Every structure is written in C-alpha cells, then in structure tokens.
K.L.:
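Sending over a structure as structure tokens; questions will come in a sec.
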Amino acid sequence: MFLSALVFNRYFCFMNFITTATIDAVKQLYNQSIEESVLNIQETRKEFEGQVTIVVFPITKISKQSPEQTATAIGEYLVANVAEVTAFNVVKGFLNLSIADSYWLNLFNNELLSDDFGKPKPNGKKVMVEYSSPNTNKPLHLGHVRNNLLGYSVAELLKADGYEVFKVNLVNDRGIHICKSMLAWEKWGNGETPESSGLKGDHLVGKYYVIFDKEYKKEIDALKAEGQTEDEAKKNAPLIKEAQQMLLAWEAGDKEVIDLWKKMNGWVYDGFAVSYKNLGVDFDKYYYESNTYLLGKDTVDEGLAKGVFFKKEDGSVWIDLTADGLDQKLVLRADGTSVYITQDLGTAQMKYDDFGMDQSIYVVGNEQDYHFKVLFLILEKLGKSWAKGLHHLSYGMVDLPSGKMKSREGTVVDADDLIAEMIETAKQKTEALGKTNDFAEADKAELYYNIGLGALKYFLLKVEPKKRLLFDPNESIDFQGNTGPFIQYTHARIKSLLAKANFQLDVKQSEVAGLEATELEMIMLLAKYPAELSNAAKAYSPAFLANYLYEVAKLFNKFYHEVPPIVKEENQVVKEHRLNICKVTADVLKAGTAILGINVPERM
RNA sequence: GCCUCCAUAGCUCAGCUGGAUAGAGCACCGGUUUUCUAAACCGUAGGUCACAGGUUCGAAUCCUGUUGGGGGUACCA
C-alpha cells in the first residue's frame with residue numbers, strides 16, 4: 001500500500017482499512033449501510049490503551065443500543081475480521097483499538113524508509129506567490145520581515161505539495177513617497193552616498209525620508225501658527241508642493257529627476273539585496289510599479305464595454321458593488337489617471353499573461369483585506385477565468401507592546417538591526433555553553449547565523465498568519481523550549497549520534513519483533529509528515545508545519561532519554577531499528593525546517 | 001455609523017471535519033549529568049476557554065447577541 005493512498009486527513013492518516021471494516025461491521029451487525037462521513041475515527045488519547053479510536057455515538061442511532069453495547073459489538077467484529085486489530089477496549093462511547101506492531105513496522109519499512117518519503121509529487125499545477133513588495137523609500141522593518149518569511153515559506157510549502165511555484169516581488173518604486181526622499185536628499189544631502197557615509201543604501205534613503213517628514217512638519221506648524229487649519233497647512237506646505245512637482249516631472253520623464261530616481265533606487269536595491277540574502281528569501285521575477293502603474297486602463301475600457309463599470313458626469317469610472325454588500329468603488333480618476341486598484345487590475349492580467357498560473361497568492365497585510373475583496377470581485381465580474389484562483393494571504397500586523405510600529409516616531413524594529421542582534425545573541429549563548437570551542441572561525445560564523453535566524457524565523461512563523469503578533473524588543477526571542485534552536489539542536493544531536501554509530505546510508509529494514517511504546521509513538525508521528533505538509537499547504541499556513549516539527553523534536557528528545565544509549569546497544573537488530581528511527585526523524589526535521597527557511601546545523 | 005478580524009494559564013501561543021479529564025513553551029518551584037550534546041529530560045503548580053443565550057447525546061470549536069481590542073470604510077498605496 002502506498003502512503004499517499006492511505007492519507008485521508010491530517011489527524012489520522014493511515015486508517016482507511018479501519019473505516020472500511022467499520023462500515024462492514026455496521027452492515028453485518030445492524031444490516032444498514034452508512035456513509036464514511038458519519039464515522040468519526042481519531043487517534044487514541046495517550047491515557048488509554050490502543051492507537052485508533054472510533055467514536056460510536058453517531059452509530060447508536062442505527063444500532064438502537066447503548067454506546068457501550070455498540071462499541072463492544074463493533075470491537076468484537078473488528079478483532080475477529082481484521083488481522084491488524086489485535087484488541088479493543090471500550091470507554092463510554094469510545095472504542096479503542098490496538099493495532100498490531102507488525103502493521104506499524106510494515107508502514108515504517110515500506111513508507112518511511114523509502115527514498116521518496118515526504119518528497120513532492122508534482123500535481124501539474126502552477127501557482128504564483130507575490131510577497132515582500134517593498135517601497136523603495138525606507139529600509140525593511142519587522143513587519144516586512146514577517147511578510148518575507150511568510151511568503152517564502154508558503155512558496156516552499158506549495159512546492160513541497162507538488163506545485164510549480166513562481167515567486168515574484170512587486171516593487172513599489174515610484175510615487176510621492178519616493179519623491180520625498182529624493183527631494184530631501186537634494187536639499188540637505190550634500191551629495192552623501194552610501195560610499196561616502198558608509199551607510200547601507202536603503203538606510204541612507206530612509207534617513208532622508210525621515211528628514212523630509214521633520215522639515216515638512218515644521219512647515220505645517222508654521223502655517224498653522226499663521227492661522228491655517230491642519231488640513232490646509234498639509235496641502236499648502238512648500239515642501240509637499242515641491243514633492244508633487246517632482247512627481248509630475250518624473251511622470252513627464254524629466255531627465256534630471258529620472259537620473260536621481262535611478263541613482264537613489266539603485267542604492268536601495270543594493271541595500272535590499274543584502275537584507276534578502278540574510279533572510280534567505282529569493283524571487284523568480286521582479287515587477288516594478290514604474291512599469292505597471294499605467295496598466296489597467298485597457299481593463300477599465302473592457303469593463304465599460306461590458307457594462308460592468310459606469311462613467312460619472314465628471315469622467316470618473318466606477319463599479320457598483322452594493323449588490324454584493326460592498327460600496328461603490330472608483331476604478332479610474334476623473335482626470336483619467338490610475339488609482340491603486342486600476343494598476344492592480346492591469347498587473348493581475350499581466351502576471352497571468354506572463355505565467356498562465358492556476359493560482360495566485362498575494363501575501364499582503366490584513367489592512368488591505370477590503371482592497372483585495374474588491375479586486376477579486378471585479379476580476380470575476382469581468383469574466384476572467386483565472387479570477388477564482390486568486391487568493392489574498394492576509395496576515396496580521398506585528399505590534400510592539402506600545403502598539404503599532406511607526407517609522408516617523410522611530411518605534412520601528414529595523415530588519416537589519418534585528419538580524420544582527422539575533423546573530424549576536426546566538427553567538428553569546430553558544431559560547432556561554434562552550435559548544436564551539438573546537439570550531440573553525442568560518443564554521444562559527446555560519447553556525448551563529450543559522451541559529452540566530454532559526455530563532456527569528458521560527459518565532460515569526462509558528463504563529464498563525466492571520467493573527468497579529470506581539471514583539472517585545474526588550475525581551476529577547478527564546479532559544480529554549482518551543483523554538484527554532486530547539487529543533488536545530490535535536491537535529492544536530494541526531495546527526496552526531498548517527499556519526500558515532502557509523503550509520504550507513506544504505507539503510508537496512510527494521511527487523512525487530514515488537515515495538516517499545518515511544519518507538520511506536522515516533523513512527524506514528526513521523527508517518528503523518530506528508531499529510532501535515534499537504535494540510536499546511538492547503539491552509540497556506542507554515543504555522544501548522546512549525547508546530548508539527550516541534551512535536552517531532554519534542555517526542556524525539558523523550559525517546560532519546562528513555563531508550564538506553566543506541567550507540568552502545570549490543571543487539572544489532574534493535575540498534576539498527578533505532579538508528580532508522582533517528583535517521584527518519586533527522587530527515588523530517590531537516591526537510592521540514594527547510595520549508596520554513598531554517599537551516600539545521602550538523603553540529604551545535 | 002457600517003464592514004471585517006481577533007479574545008484560551010501571569011506572559012507568548014497550540015487545540016484540526018463538534019468528541020473522553022482543554023495542551024505546550026516561557027517565567028516560578030523541585031529533581032536528573034561515571035550512559036549517544038543538559039539549547040535536553042522528568043515532576044509540582046497555574047483555566048468560569050471574554051460574557052450571555054441557543055443547537056446537540058456531547059460545544060473552546062457551530063449559531064445569535066453583548067463587551068473589549070485591531071484593521072478597513074479616500075479621486076492614498
């Protein structure tokens with residue numbers, strides 16, 4: 001039997017034959033056919049004997065007997081008719097079944113030890129994941145880090161589930177916010193460059209964005225002192241007017257402005273490249289808003305022709321979504337220029353034309369829930385066949401104890417600083433434990449990087465994407481317990497053990513006669529890996545995978561402490577078997593953490 | 001106002017299509033190292049699952065309402 005055929009849900013994956021046999025039992029005992037869906041089969045809780053539990057309450061309607069009587073009757077039938085069922089016990093309406101060790105050993109030998117266990121099986125489908133999508137006016141902060149790690153991980157998760165995946169980055173490289181940085185640099189930069197200042201390019205540009213804001217505020221205050229209202233002052237401040245002029249010049253293709261824009265964006269891209277490399281994220285294709293911002297007008301014409309959109313007297317174009325419980329939405333300004341959603345309509349078409357994907361995931365914060373709801377609905381109304389494959393992977397904001405991060409108030413957690421701190425903390429903790437005394441310098445640096453980033457990535461990915469996430473800069477991210485380093489440590493320990501035992505890569509099958517309790521638990525948990533992967537992929541949730549990997553590492557550590565030292569085991573058959581369990585565990589941890597973007601070291 | 005998401009231990013989080021006595025980690029307290037890495041393991045303690053109804057043999061989970069919090073509701077992105 002192939003495992004894939006056995007997997008039917010995440011929770012209990014290998015028990016199709018129990019389902020079939022139970023349906024037979026009901027037919028034989030009560031002369032009635034039941035649907036598979038009325039059966040409730042789950043893992044037996046640890047405090048009871050057995051591995052599989054059938055909840056018999058739903059069947060009592062058919063049996064017309066008490067839950068206990070029904071459970072007993074079915075239990076007797078299963079023991080008599082299903083070879084793998086060796087015993088049963090009944091607790092209230094719960095029928096607990098014991099499955100023969102030989103069944104689990106077969107599963108282990110045939111499935112878990114096979115080379116393609118947990119490997120992707122191509123499903124012939126293409127999916128695009130758009131993530132990161134930064135503005136080029138300031139460096140990345142912790143919110144972007146969550147986006148990047150989530151997007152990367154979801155893309156890897158979909159690959160592992162058999163999709164062909166395209167990662168794309170839509171860079172917001174134009175607009176008024178970029179002009180603010182440019183203008184401030186022109187006025188107060190004195191020609192400062194990353195080379196002259198030693199500042200990372202994105203930080204340098206971000207510095208001028210902040211300067212702009214500071215000077216702009218001064219002007220607003222001055223105008224308010226002259227009696228203007230807040231709104232008037234914001235519109236009338238000379239700096240903002242100048243920035244708007246610059247944007248117009250940019251759109252007109254003014255050479256000087258374009259040159260400055262290219263120069264400063266170049267600095268930012270150099271800076272981002274470093275951050276992306278440190279985060280370990282990558283992209284198959286970049287889209288730039290400077291190339292896409294004019295798109296979408298064709299789509300607007302198309303919508304007008306189809307009667308999906310309508311034009312108001314002033315020339316602005318709208319769609320009426322009130323019948324769908326939403327509002328009227330502007331899709332083109334009265335002056336004929338694009339708004340955000342105009343571009344997104346065009347960009348969506350462009351992406352589809354480029355890749356022809358079956359699904360497209362937008363990794364964007366939940367503040368844009370409404371926008372994507374409207375965007376997808378419009379594309380559907382326009383009759384785009386691919387619209388149903390669009391999905392907004394909406395994630396919660398990263399908050400500080402003080403609330404939202406605000407770049408202007410200096411309360412942002414900078415991505416580069418955070419990465420550096422994580423690596424430094426990893427270094428200190430590792431050296432305090434004396435773990436790297438015999439490491440070469442280059443190996444030390446690599447290890448501290450892997451541990452620091454492992455801690456950070458796991459911390460951010462273990463939380464359900466849609467939940468908001470609290471980060472306290474005053475409390476360092478843990479390295480113990482439910483953490484990345486815990487999983488990394490477990491893996492390193494197994495690798496060390498395998499090396500000491502001279503474990504050969506051409507694994508022999510496990511030939512043991514029976515299983516210890518923890519061995520059985522390990523096999524059951526490891527066997528769930530493919531189902532866990534596919535379930536996490538369907539939910540676009542690296543958190544599911546992260547929590548599963550933690551369970552595996554935790555159970556392995558228990559196993560490690562409970563069984564006597566494997567390296568010194570004299571019974572070769574037992575030794576081989578336990579090494580096999582170790583090997584599969586290490587493989588699952590390594591493959592699983594890779595999907596989270598986490599590297600597991602061989603030693604730590 | 002309207003829409004939407006969230007609320008589980010002191011803190012950070014799991015809890016899957018409704019199932020048995022709601023689970024981890026951190027912090028706290030106690031124990032484990034002549035045994036393969038103690039970033040580990042074992043144990044104690046910690047809960048009115050925001051609140052109130054409802055559906056059900058059975059609700060943290062589904063439905064309705066209330067409260068509290070986040071986000072949205074721009075010819076911004």
Side-chain angles (χ1 to χ4, degrees), chain A residues 9-12 37 40 42 44-45 47-48 53 55-58 60-61 67 91-94 96 133 135 172 175-177 289 312 314-318 325-327 330-335 337-344 365-371 373 394 396-397 399 403-404 426 429-430 432-433 435 451 455 459 462-464 466-472 475 477-490 492-501 535 539 543-544 546-547 550-551 553-554 556-558 560-569 578-579 582 603-604:
Chain A
N9 70 33
R10 174 187 167 209
Y11 321 105
F12 210 66
S37 58
N40 186 338
Q42 53 193 248
T44 303
R45 291 178 69 116
E47 57 265 40
F48 303 105
T53 293
V55 183
V56 298
F57 292 109
T60 55
K61 283 177 192 137
V91 182
K92 294 190 272 184
F94 299 89
N96 302 320
S133 307
N135 292 345
N172 185 354
I176 190 74
H177 45 290
E289 209 182 285
K312 288 192 175 171
D314 63 0
S316 59
V317 181
W318 297 73
L326 304 172
D327 301 319
L330 177 97
V331 294
L332 195 71
R333 289 193 186 102
D335 63 7
T337 59
S338 297
V339 287
Y340 179 45
I341 202 152
T342 325
Q343 315 174 25
D344 266 6
N366 63 11
E367 59 203 351
Q368 294 194 35
D369 284 355
Y370 184 74
H371 170 75
K373 212 169 164 180
S394 163
M397 297 289 105
D399 288 328
K404 224 178 157 179
K429 287 189 191 277
T430 307
L433 292 167
K435 297 267 186 185
I451 296 174
F459 175 80
K462 76 170 178 181
V463 181
E464 269 294 283
K466 79 170 173 185
K467 293 205 175 178
R468 57 192 270 264
L469 199 142
L470 188 75
F471 176 82
D472 187 345
E475 269 178 55
I477 292 173
D478 278 326
F479 283 64
Q480 288 173 349
N482 187 359
T483 67
F486 174 88
I487 296 171
Q488 291 172 315
Y489 174 71
T490 306
R493 207 190 212 183
I494 297 172
K495 279 310 177 78
S496 153
L497 187 161
L498 291 176
K500 284 203 171 117
N535 200 63
F544 285 4
N547 286 306
Y550 171 64
E551 270 183 68
K554 193 171 143 64
F556 180 83
N557 281 313
K558 185 183 169 191
Y560 183 92
H561 275 264
E562 273 185 13
V563 304
I566 297 166
V567 175
K568 293 178 184 159
E569 176 62 51
R578 291 191 177 149
L579 289 173
C582 292
R603 291 177 62 199
M604 70 183 270

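Letters go in sequence order (proteins before strands), and every chain restarts at 1. Owing to the predicted nature of the structure, the values given are computational and were not obtained by experimental measurement.
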K.L.:
Compare the minimum distances between each of B:C75, B:A14, B:A20 and the side chain of A:N547, then state the nucleotide with the smallest one.
P.N.:
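Closest nucleotide to the A:N547 side chain: B:A14.
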K.L.:
In terms of side-chain heavy atoms of A:Q42, which of B:A20, B:A39, B:G72 is nearest?
P.N.:
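Looking only at heavy atoms from C-beta outward on A:Q42, the closest nucleotide is B:A20.
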K.L.:
Hunt down the Watson-Crick or G-U wobble partner of B:G47, both distances under 3.5 Å, from any strand shown, or write none.
P.N.:
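Base-paired to nothing in any strand shown.
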K.L.:
So if I take every side-chain heavy atom of A:H561 and compare against B:A40, B:G70, B:G72, which nucleotide ends up nearest?
P.N.:
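Selected nucleotide (nearest to the side chain): B:A40.
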K.L.:
Which nucleotide, B:U73, B:C41, B:A39, lies nearest any side-chain atom of A:K558?
P.N.:
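Within the option list, the nearest is B:C41.
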K.L.:
Apply side chain to side chain contact (heavy atoms under 4.5 Å, CB included) to residues A:Y560 and A:T490 and explain how you reach the verdict.
P.N.:
CA-CA 10 Å; A:Y560 183 92; A:T490 306; over 6 Å; no
K.L.:
Can you figure out which of B:A77, B:A40, B:C36 approaches the side chain of A:L497 most closely?
P.N.:
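Looking only at side-chain atoms, A:L497 lies closest to B:C36.
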K.L.:
Show your reasoning for whether side chain to side chain contact (heavy atoms under 4.5 Å, CB included) applies to A:D344 and A:H371.
P.N.:
CA-CA 10 Å; A:D344 266 6; A:H371 170 75; 2.9 Å; yes
K.L.:
To the side chain of A:F544, which of B:C13, B:G15, B:A39 is closest?
P.N.:
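My answer, after comparing the listed nucleotides, is B:G15.
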K.L.:
What about A:N40: does its side chain form a donor-acceptor pair under 3.5 Å with the base of B:G19?
P.N.:
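For A:N40, whose side chain was compared with the base of B:G19, there is a donor-acceptor pair (under 3.5 Å).
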K.L.:
So that I can tick it off, tell me whether A:R45 and A:E47 are bridged by a salt bridge, with the cut-off set at under 4.0 angstrom between side-chain N and carboxylate O.
P.N.:
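Counted as a salt bridge, because a side-chain N and a carboxylate O are separated by less than 4.0 Å.
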K.L.:
Can you check whether A:K467 has a side-chain N or O nearer than 4.0 Å to OP1 or OP2 of B:A7?
P.N.:
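Indeed, a polar side-chain atom of A:K467 lies that close.
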K.L.:
Mind calculating the distance between CG (A:L330) and P (B:C76) to the nearest angstrom?
P.N.:
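Distance, rounded to whole Å: 8 Å.
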K.L.:
How close or far is atom P of B:C42 from atom CZ of A:F556, stated in whole angstroms?
P.N.:
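Taking atom P of B:C42 as the reference, CZ of A:F556 is at 13 Å.
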K.L.:
Below 3.5 Å, does any donor atom in the side chain of A:T430 face an acceptor in the base of B:A39, or the other way round?
P.N.:
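Looking at the base of B:A39, it does pair with a donor or acceptor on the side chain of A:T430 (distance under 3.5 Å).
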K.L.:
If you find the nucleotide of RNA chain B closest to A:K61 and the one closest to A:V563, which residue's nucleotide is nearer the 5' end?
P.N.:
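The answer here is A:V563.
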K.L.:
Quick check, does A:F57 stack with B:G58? I mean ring centres under 5.5 Å and planes off by under 30°.
P.N.:
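Base of B:G58: not stacked against A:F57.
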K.L.:
Scan side-chain atoms only and decide if A:R493 and A:N557 contain a donor-acceptor pair under the 3.5 Å cut-off.
P.N.:
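Present: a donor and an acceptor within the cut-off.
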K.L.:
Both A:D399 and A:V339 contact RNA chain B. Which one's nearest nucleotide lies toward the 5' end?
P.N.:
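Going by which nucleotide is closer to the 5' end, it is A:D399.
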K.L.:
Side chain of A:T342, backbone of A:V331: donor and acceptor closer than 3.5 Å?
P.N.:
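A pair under 3.5 Å: yes.
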K.L.:
Would you say a side-chain N or O of A:K554 is under 4.0 Å from OP1 or OP2 of B:G25?
P.N.:
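Looking at the OP1 and OP2 atoms of B:G25, one of them is under 4.0 Å from a side-chain N or O of A:K554.
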K.L.:
Once you round it to whole Å, what is the distance between P of B:U73 and CG of A:N366?
P.N.:
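Taking atom P of B:U73 as the reference, CG of A:N366 is at 12 Å.
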K.L.:
Using only modelled atom types and a 3.5 angstrom limit, is any donor from either the side chain of A:N96 or the base of B:A20 paired with an acceptor on the other?
P.N.:
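Under the 3.5 Å cut-off, the side chain and the base do form a donor-acceptor pair.
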K.L.:
In this structure, how many angstroms lie between the P atom of B:A39 and the CZ atom of A:R603, rounded?
P.N.:
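Checked: the CZ to P distance equals 14 Å.
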K.L.:
Of the candidate nucleotides B:C75, B:G23, B:A24, which contains the atom at the shortest distance from the side chain of A:R45?
P.N.:
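Closest of the options to the side chain of A:R45: B:G23.
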K.L.:
As an exercise, state the distance from CG of A:N135 to NE2 of A:H177, rounded to the nearest 0.5 Å.
P.N.:
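It is 4.0 Å, given to the nearest 0.5 Å.
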K.L.:
Nearest of B:A40, B:C75, B:C36 to any side-chain atom of A:K568?
P.N.:
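Of all the options, the side chain of A:K568 is nearest to B:C36.
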K.L.:
Per the atom types in the model, does the base of B:A20 pair as donor or acceptor with the side chain of A:T53 at under 3.5 Å?
P.N.:
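Pair found.
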K.L.:
If you go through the side-chain atoms of A:D314, does one of them form a donor-acceptor pair with the base of B:C75 closer than 3.5 Å?
P.N.:
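Yes, the side chain and the base share a sub-3.5 Å donor-acceptor pair.
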K.L.:
Can you check whether A:K462 has a side-chain N or O nearer than 4.0 Å to OP1 or OP2 of B:A14?
P.N.:
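For B:A14, neither OP1 nor OP2 has a side-chain N or O of A:K462 closer than 4.0 Å.
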K.L.:
Of the nucleotides B:C36, B:C75, B:G72, which has the atom closest to the A:R333 side chain?
P.N.:
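Of the options given, the side chain of A:R333 lies nearest B:C75.
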K.L.:
Are A:F94 and B:A20 stacked, counting the six-membered base ring, centres under 5.5 Å, planes under 30°?
P.N.:
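A:F94 ring centre within cut-off of B:A20 base, planes near parallel; stacks.
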K.L.:
Between B:U73, B:A14, B:C41, which one does the side chain of A:E464 approach most closely?
P.N.:
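Selected nucleotide: B:A14.
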K.L.:
Out of curiosity, A:T430 OG1 to A:K435 NZ, how far, rounded to the nearest 0.5 Å?
P.N.:
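It is 9.0 Å, given to the nearest 0.5 Å.
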K.L.:
Return the stacking result for B:A24 and A:Y550: yes when the ring centres lie under 5.5 Å apart and the planes under 30°, no otherwise.
P.N.:
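Base of B:A24: not stacked against A:Y550.
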K.L.:
Distance check: side-chain N/O of A:R493 vs OP1/OP2 of B:A38, anything under 4.0 Å?
P.N.:
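Indeed, a polar side-chain atom of A:R493 lies that close.
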